[in-house]
Every structure is written in C-alpha cells, then in structure tokens.
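Positions are given from 1 along the sequence.
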Amino acid sequence: MCYAQYMKEVGRDLDKTAEKYMLDICQGNTDSIAALFELTYKGLYCVAFRYCRHSMTAEDLVAEVFANIEYIASHYKPGRSAFNYLCKIIKNKYLNLTRGEKRRPIAPLNENILATRQSIDDKVTSITVREGLKLLDDEEYSVIYCKFYMDMTFREIAQKIGKSLGSVERTYKRAIGKLKDYL
C-alpha cells in the first residue's frame, strides 16, 4: 500500500486522532501508544520504505520511532500535524542511519570471514607469483629463490652460486623488474 492509498483510507481525521494520542502519551497513558501505532503504522512504513527501499529497514525505522515514542511525544507541539511530525522523525532517523553507514560497518567483522578472505588472497597471490616465476631464467630464479625463500644475503647467494656480488645484485634487479612487469 502506498502513502496516497493510506491517506485515502484513513482520511482527514488522522491528524486529530494522532494528536489526541500524542497528548495522551505525554500524560503517561500507555494505552495510547498501541492505538497510535495501529493508526499510523502503515503510513509510517510507507514513508520509511519510500526513503530506504528495503522492507526490513523500513520496519526497523518505524519500530525505532515507537521504541522512543514517549520522548518523541514530549517534544510534539500541539496544533501541528502529528502524522507529519512522525514522518519527519522517520526521515531524520533514515538520514542518521545512512550517515552512520558511511562512517562504520553495519555489523562487527567476523574473524572467520576475515581468515577465509586472507586464505583466498594468499592463494591468489601464490598462484600469481608462481606464474610470474616461470618468466625468469634459471639464474634469476635461483637468486630470487635464495633471497626470498632461503632468506640469504646477496653475499651468501654470490658465494653459493659462484658469481660476483655485483652480478648477483644485477640479476636480482632484472628478476624483480620482470616480476613487477608481470604483476
């Protein structure tokens, strides 16, 4: 049901009745909360849905308004449209919700999801590096392997493969350049 249909169904007495319930809530009549909810829920839901385009979020916005209805009713100024006042509160709550989503995640991060993502990222990186290593000749591969997998210094690599220190460093730079171009 859209907002226009709701307004036709409820009629012009909506504001008078809603105002009466709001004033009763201010005076501590808790029975008026249920009556106000019954009277305005469909219309407020339509307004909330118009903003957020998600049914569960719209229901949450309306529920949040009625969870704080005693405070909201205490700030209501008699003589103004009570329904429009509630609609304005729905709009403000939606705006606060969207602003908050930009600043922080909606739900706390799940450790299992993060570990799974890290595992997938590691596998993709591993496959990519493995493919890149295929581009290297034997000397370049040996230098990269010794440097990163064996954690050897250039001097140790030079002694192991029987090359000069300068030659090992140039081979390393050439291999890294090929890997950067591939990645």
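For the pair Thr40/Val62, no side-chain contact is recorded, criterion being any heavy-atom separation below 4.5 Å from C-beta on. With a 4.5 Å cut-off on side-chain heavy atoms, Asp138 and Tyr141 do not count as touching. Taking the side chain as every heavy atom from C-beta outward, Leu165 and Ile157 never approach each other to under 4.5 Å. For the pair Glu156 and Met150, the minimum side-chain heavy-atom distance is 4.5 Å or more. In this structure, Glu70 and Ile33 have side chains that are in contact, with non-hydrogen atoms separated by less than 4.5 Å. Side-chain contact between Tyr41 and Glu59 is present, with at least one heavy-atom pair separated by less than 4.5 Å. Side-chain atoms of Leu36 and Met22, non-hydrogen and from C-beta on, do get closer than 4.5 Å to each other. The shortest distance between side-chain heavy atoms of Leu61 and Tyr51 does not fall below 4.5 Å.
Across Ile144 and Leu136, no two heavy atoms sit closer than the pair CG1-CD1, 4.0 Å. The two residues Thr57 and His54 make their nearest non-hydrogen contact at OG1-ND1, 3.0 Å. Between Ala35 and Tyr21, the closest heavy-atom pair is CB-CZ, 3.5 Å. For Ile72 against Val65, the heavy-atom pair with the smallest separation is CD1-O, 3.3 Å. Heavy-atom minimum distance, Glu19 versus Ala82: N-CB, 3.7 Å. Ala58 and Cys52 make their closest contact through N-SG, 3.6 Å (heavy atoms, listed as atom of the first residue, atom of the second, distance).
Atom CZ of Arg50 is separated from atom CD1 of Ile90 by 12.5 Å, given to the nearest 0.5 angstrom. Atom CG of Leu86 is separated from atom CG of Leu39 by 9.5 Å, given to the nearest 0.5 angstrom. To the nearest 0.5 Å, the span separating CG on Leu23 from CD on Gln27 amounts to 7.0 Å. How far CZ of Phe66 is from CD1 of Ile89: 9.5 Å, rounded to the nearest 0.5 Å. If you take CD on Glu169 and NZ on Lys163, they are separated by 14.5 Å, rounding to the nearest 0.5 Å. A distance of 9.0 Å separates CD1 of Ile69 from SG of Cys26, quoted to the nearest 0.5 Å.
Using bins of under 30°, 30° to 60° and over 60° for the plane-to-plane angle, the ring pair Tyr172/Phe154 lands in the perpendicular bin.
Applying the side chain to side chain donor-acceptor pair (under 3.5 Å) test to Lys77 and every residue at least two apart in sequence or in another chain returns nothing. Taking Ser32 as the reference, Asp24, Asn29 meet the side chain to side chain donor-acceptor pair (under 3.5 Å) condition, with sequence neighbours excluded.
Dense packing is recorded around NZ of Lys147, with more than 12 heavy atoms of other residues, nucleotides or ligands lying under 6.0 Å away. Heavy atoms of other residues, nucleotides or ligands lying less than 6.0 angstrom from NZ of Lys93 number more than 12.
The hydrophobic cluster containing Ile176 also contains Tyr149, counting ILVMFWY residues as joined when their side-chain heavy atoms lie under 4.5 angstrom apart, directly or transitively. Cluster annotation: Met152 and Phe148 are assigned to the same hydrophobic cluster (Ile/Leu/Val/Met/Phe/Trp/Tyr, side-chain heavy-atom contacts under 4.5 Å, transitive).
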Verdict with reasoning, Asp60 to Glu64, per side-chain contact (heavy atoms from CB on, under 4.5 Å)
CA-CA 6 Å; Asp60 288 345; Glu64 192 175 335; over 6 Å; no
